[in-house]
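None of the values given here were measured: they were computed from a predicted structure. Atoms considered below: every heavy atom in the structure, side chains included; atoms not considered: hydrogens, waters and symmetry mates. Chain naming here is simple, since letters A, B, ... match the order of the sequence lines and numbering starts at 1 in each.
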Amino acid sequence: MDHNLRVYNTLTKQKEPFKTVVPGKVSMYVCGPTVYKPSHLGHMVGPVIFDTVKRYLTYLGYDVKFVVNITDVDDKLIVEAPKQGLSVSELAERVTKDYVENLKKLNVTGIDEMPRATHYIPAIIEIIQGLIDKGYAYPAAGDVYFDVTKDDDYGKLCNRDPEQLEAGARIEVSDKKRSPGDFALWKSAKPGEPAWDSPWGKGRPGWHIECSAMSMKLLGKTLDIHGGGLDLQFPHHENELAQSESYNGCTFVNYWMHNGLMRIHSQATKIKDAPSGPLSPVGSGIGGEGQPQKMSKSLGNEIVVSEIFKRHQPETLRFFLLATHYRRPIDYSEERLEEVRRGLDSFYRFFERLERVAKRSFYAFPSPPRDDGGGEFAEFRKRFLEHMDDDFNTGGAVGVLYELLSALNRFADLKQLEAGKATGDDVKAFEQGVVYLKELSGLLGVFSSAPEKPKADHASQKLVVGLMQLLIDLRAEARKAKNFALGDQIRKRLGELGVTLEDRPGGTDWRKD
RNA sequence: GGCCCCUUCGCCAAGCGGCUAAGGCAGCGGAUUGCAAAUCCGCCAUCCCCGGUUCGAAUCCGGGAGGGGCCUCCA
């Protein structure tokens, strides 16, 4: 592969040139959600980022296999399901559906497989047995634990010393464990809990083992990329790493990628900061004072994704997520999303302009060839790709996208494209620039189709269009008669209804916010 | 207590030792317009503080202040 891509690796804490295990192929595994509650904003960060990573790797010529797992059996589900009068599997099914729908709206198209933990029980048991045979794990009264003291380099991902895990004293207490850092590979079932037969009795897998099993079955012993939220680094990824390498005896992951967490200014902080106030649970406070804090189900400050989609286009959310480098935290706020939307509007207006100039929808522009077509807009393409090569710096790339947009508008102004005064060469140069915009925005997974308009039934839609045309015609007559007062009044009153009129040489366009 | 990380314009944000510190939002001035909207042009930061390394630092090192994450379930 001929490219300059460098990827930050959490394990080595530095950017490294990207090389794959198998030339031309990339295996990528990202930890998905435990499906016991509807997805919140934080759950969308990883999928959007790694979907974009896949787009870029594919663009570079790699054949990428991208797996996101679903944890569909876990203590959380066992507690939550009865509350909703559902079985564990029914709850899992319901929440998974919500998750998948959200991803689809966000144009996350790259996931090849979404394996469920419960579908890999035999593989999980096989690995656990192997670990016991090799002396890395021990059964204890129906449970099976991984013995961290047997693994020489345990803790290498997060700089954790097994000896010190004791000192923290925040480790799950259990008489069955030999040392505090040991973690469960298999948990015995209490009556009524979901359970599978195993050599150690009825039970279910521990949290970390499913990822070792599924990644190995679907992608092999050594993964090119393993991703997930920063909060999964320890203990989840550390433990996955320990299990997999102990079992397979080879490197588990070449590039560990961790995305920053979604944060929110919640009231929780405010309360905590108060001199002697009680630490009471809080609802999902939008806005609020105090410092930002990560969004999570356990803190109860999460913003449910489906709620966001009632107020914002999915594309706005995707753009918002990609406008910041993936390793940094992102602070969510309604204002911020609104700001991003205003920025996106300038692209949408350009697309309208494009239709007037080229008589073609941006969305209908042909899929661009992946090469440098030259022309005066080529430098933007180059700079965009340089940003992507630098550890998928989508924030920098978004900046270039805006610059390209601006350059295209400038060009169209200068050459008077709308007035039809441009030469054939000018039009060609312009369209080459549009092709770049198409190519680059496609890499980010945005502008691939027109944003959904608010739904209205066909008849009333037709009526609105008709009435608008009527008002525009009446206003045009008034203006023709130099009756600007009347014309302005029509525009002002429409403005109060959220409708903006734009007078152009060729007629008047209208837009509803 | 231990381990990571962050601090750049009013807000968001790129920057990873050397071009005038990207870009977005907001704001101001101008072109265009009958007036607007949209678009374009121009203006708008020496980088948390203090030391040090270097010919040269927002970028490296040390100290300080503030913030975040993990060490318990978490994307």
Could you check whether [X] gets within reach of a base, just the sugar-phosphate, or nothing at all, counting any heavy atom under 4.0 Å?
X: H325(A); answer: sugar-phosphate
X: R342(A); answer: sugar-phosphate
X: G495(A); answer: nothing
X: K294(A); answer: base
X: G228(A); answer: sugar-phosphate
X: M295(A); answer: base
X: S296(A); answer: base
X: G229(A); answer: sugar-phosphate

Taking N and O atoms by type only, does the side chain of [X] place a donor or acceptor under 3.5 Å from a partner on the base of [N]?
X: R349(A); N: A38(B); value: no
X: D231(A); N: C73(B); value: no
X: R328(A); N: C6(B); value: no

Nearest to the side chain of [X], which nucleotide is it out of [options]?
X: E502(A); options: A38(B), A75(B), G67(B); answer: A38(B)
X: L261(A); options: C71(B), G34(B), A75(B); answer: A75(B)
X: E339(A); options: C11(B), C16(B), U39(B); answer: C11(B)
X: R410(A); options: C40(B), C73(B), G2(B); answer: C40(B)
X: V45(A); options: G34(B), G68(B), A75(B); answer: A75(B)
X: R383(A); options: A75(B), A22(B), A38(B); answer: A22(B)
X: N393(A); options: A14(B), G23(B), G34(B); answer: A14(B)
X: K13(A); options: G23(B), A38(B), C5(B); answer: C5(B)
X: Q291(A); options: C25(B), C70(B), G68(B); answer: G68(B)
X: H387(A); options: A14(B), A75(B), C35(B); answer: A14(B)

Exercise for the section: Measure the acute angle between the ring planes of H208(A) and H236(A), then classify it against the limits of 30° and 60° as parallel, tilted or perpendicular. Expected result: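 Rings of H208(A) and H236(A): tilted, 30 to 60°.
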Exercise for the section: Can you label the angle between the W256(A) ring and the H237(A) ring as parallel, tilted or perpendicular, going by 30° and 60°? Expected result: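 Correct class here is tilted.
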Could you let me know what [N] is paired to, Watson-Crick or G-U wobble, both distances under 3.5 Å, or none if it's on its own?
N: C3(B); value: G69(B)
N: C47(B); value: none
N: C40(B); value: G30(B)
N: C35(B); value: none

Handout entry: Verdict with supporting geometry, F347(A) and F362(A), ring-ring contact (aromatic ring centres under 6.0 Å, His included)
Key = CA-CA 10 Å; F347(A) 284 95; F362(A) 178 78; 8.9 Å; no
Problem - Verify stack between F484(A) ring and G34(B) base, 5.5 Å, 30 degrees - result: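 Answer is yes, a stack.
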Practice task
Please determine which of I264(A), L299(A), N301(A) meets the side-chain contact (heavy atoms from CB on, under 4.5 Å) test together with K294(A).
Solution key: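 Among I264(A), L299(A), N301(A), the one meeting side-chain contact (heavy atoms from CB on, under 4.5 Å) with K294(A) is L299(A).
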Protein-nucleotide distance ([X], atom [atom1]; [N], atom [atom2]), rounded to Å:
X: R160(A); N: C71(B); atom1: CZ; atom2: P; answer: 7 Å
X: E334(A); N: C12(B); atom1: CD; atom2: P; answer: 17 Å
X: R327(A); N: C5(B); atom1: CZ; atom2: P; answer: 10 Å

Handout entry: Candidate list Y56(A), Y8(A), Y255(A), test ring pair (Phe, Tyr, Trp, His ring centres under 6.0 Å), partner F18(A), passing option
Key =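 Option passing the ring pair (Phe, Tyr, Trp, His ring centres under 6.0 Å) with F18(A): Y255(A).
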Handout entry: Expected output: side-chain N107(A) to main-chain E315(A) donor-acceptor under 3.5 Å
Key =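 Flag not set: sc N107(A) to bb E315(A) has no pair under 3.5 Å.
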